[in-house]
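In what follows, a structure is listed as structure tokens, so that the remarks can point back to it.
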Amino acid sequence: MDAGKVGPTLKTHCPAQCLDVCKWLIPFILSCCVYFCLWIPEDQPSWVAALVKCLPIFCLAGFLWVVSPGGGYTRLLQGALLCSAVGDACLVWPEAFLHGVAAFATAHLLYLWAFGLSPLQPGLLLLIFLASGPYLILLLLHLEPDMVLPVAAYGLILMAMLWRGLAWSRSARWGALLFTLSDGVLAWDAFAQPLPHARLVIMTTYYAAQLLITLSALRSPGPKTD
């Protein structure tokens with residue numbers, strides 16, 4: 001095979017592939033714009049509010065179905081996205097909060113399954129517990145007794161997902177970090193002390209996190225090597 005012919009082919013294929021990916025991300029971008037433009041008040045729960053909130057996540061699941069069909073990794077990401085959408089809908093209604101926590105815990109377990117356990121990196125897990133443990137303990141002190149166990153369990157699952165995400169590819173790594181930040185701000189704002197512009201921070205980091213984890217399916221997934 002002529003090496004001189006292969007080079008230009010690869011160079012022209014990569015921009016075309018990037019354009020195709022960007023094209024299929026347009027629904028996600030537009031649905032995010034709809035959510036932030038409408039900015040439906042949180043004290044007005046409705047099915048419209050739930051749909052508008054979930055639509056970007058549905059778009060990401062559809063994006064994976066189009067640009068990365070098949071494969072166990074992709075299917076696990078799609079399952080996690082659908083569980084996240086269920087969680088988003090539940091959190092629109094305060095009385096369904098624990099159902100939302102359960103849905104997001106399932107999503108994190110699916111992400112953890114997708115990221116796998118190799119390389120194990122126990123030192124990274126210890127570092128995450130040392131950094132996040134005091135925050136979780138402080139948060140639990142603000143909770144009603146019946147909320148302590150589910151929130152503690154969710155926090156541990158989130159830490160485990162962060163551990164595996166940080167051991168994975170670059171976009172998944174940043175997605176796991178942003179997801180943890182989003183949940184941390186949400187929990188503190190909900191249970192400890194209202195934070196300025198909390199909802200804006202929560203939702204921007206959340207949508208960015210889901211996007212970055214989704215994009216990790218576009219390359220051969222694997223542990224980070226850098």
Side-chain angles (χ1 to χ4, degrees), residues 28-29 31-46 48-57 60 80-81 83-108 111 127-163 165-166 172-214:
F28 168 76
I29 296 170
S31 59
C32 285
C33 291
V34 169
Y35 174 82
F36 288 108
C37 288
L38 291 180
W39 203 242
I40 299 173
E42 292 182 297
D43 59 357
Q44 298 178 15
S46 67
V48 173
L51 177 61
V52 170
K53 187 179 182 184
C54 296
L55 194 56
I57 306 304
L60 287 178
L81 288 168
C83 288
S84 297
V86 172
D88 284 329
C90 290
L91 294 184
V92 169
W93 289 273
E95 61 271 20
F97 179 81
L98 286 180
H99 295 86
V101 170
F104 274 114
T106 304
H108 289 313
Y111 280 139
L127 181 62
I128 290 171
F129 273 115
L130 290 176
S132 305
Y135 171 85
L136 180 59
I137 293 171
L138 186 60
L139 179 66
L140 294 177
L141 296 175
H142 291 84
L143 299 180
E144 297 294 330
D146 61 335
M147 294 291 293
V148 170
L149 184 58
V151 172
Y154 180 83
L156 293 175
I157 292 172
L158 180 62
M159 288 183 207
M161 187 279 292
L162 176 61
W163 167 45
L166 291 176
R173 184 191 321 171
W174 287 108
L177 279 170
L178 285 177
F179 215 136
T180 304
L181 173 62
S182 176
D183 279 354
V185 173
L186 186 155
W188 193 262
D189 180 69
F191 299 118
Q193 178 181 345
L195 299 173
H197 311 295
R199 183 183 173 192
L200 181 61
V201 174
I202 291 164
M203 296 309 298
T204 52
T205 53
Y206 169 68
Y207 285 140
Q210 295 282 32
L211 172 63
L212 288 169
I213 294 175
T214 297

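What's counted below: heavy atoms across the whole structure, side chains too, no hydrogens, waters or symmetry copies.
- The closest side-chain heavy-atom distance from Tyr206 to Leu186 is not below 4.5 Å.
- Taking the side chain as every heavy atom from C-beta outward, Leu81 and Thr214 approach each other to under 4.5 Å.
- Here the CG atom belonging to Asp183 is positioned 5.0 Å from the CG atom belonging to Leu158, to the nearest 0.5 angstrom.
- Counted within 6.0 Å of CD on Glu144, heavy atoms from surrounding residues, nucleotides or ligands total 12 or fewer; the atom is thus considered open.
- In this structure, Thr204 contributes its side chain and Val201 its backbone to a donor-acceptor pair below 3.5 Å.
- Note that CD1 of Ile40 is 9.0 Å distant from CG of Leu51, once rounded to the nearest 0.5 Å.
- Here CG of Leu139 is found 12.0 Å from OG of Ser132. Values are rounded to the nearest 0.5 Å.
- Checking side-chain atoms of Ser182 against main-chain N and O of Leu178 turns up no donor-acceptor pair under 3.5 Å.
- Heavy-atom minimum distance, Ser84 versus Gln210: OG-NE2, 3.0 Å.
- In this structure, NE2 in His108 is found 7.0 Å from OG1 in Thr180, a value given to the nearest 0.5 Å.
- Shortest non-hydrogen contact noted between Gly87 and Phe104 is C-CE1, 3.4 Å.
- Here the side chains of Tyr111 and Leu162 are not in contact, with every heavy-atom distance at 4.5 Å or above.
- Here the straight-line distance linking atom CG of Asp88 with atom SG of Cys83 works out to 11.5 Å at 0.5 Å rounding.
- Of all the heavy atoms in Ala85 and Cys54, the pair that sits closest is O-SG, 3.1 Å.
- Side-chain contact between Val101 and Val151 is absent, with no heavy atoms from C-beta onward closer than 4.5 Å.
- Minimum heavy-atom separation, Pro94 to Val92: CD-O, 3.6 Å.
- Put simply, CD1 on Ile213 and CZ on Phe179 are 6.5 Å apart, with the number rounded to the nearest 0.5 Å.
- Taking each heavy atom of Pro194 and Asp189 in turn, the nearest pair found is CA-OD1, 3.2 Å.
- Between Trp93 and Phe97, the distance separating the two ring centers is not shorter than 6.0 angstrom.
- Using cut-offs of 30° and 60° for the angle between ring planes, the Trp188 and Tyr135 rings count as tilted.
- The minimum heavy-atom distance linking Gly100 with Leu91 is given by the pair CA-CD2, 4.2 Å.
- A heavy-atom distance below 4.5 Å is not found between the side chains of His142 and Gln193.
- Within the 4.5 Å cutoff, side-chain heavy atoms of Leu98 are placed close to those of Met147.
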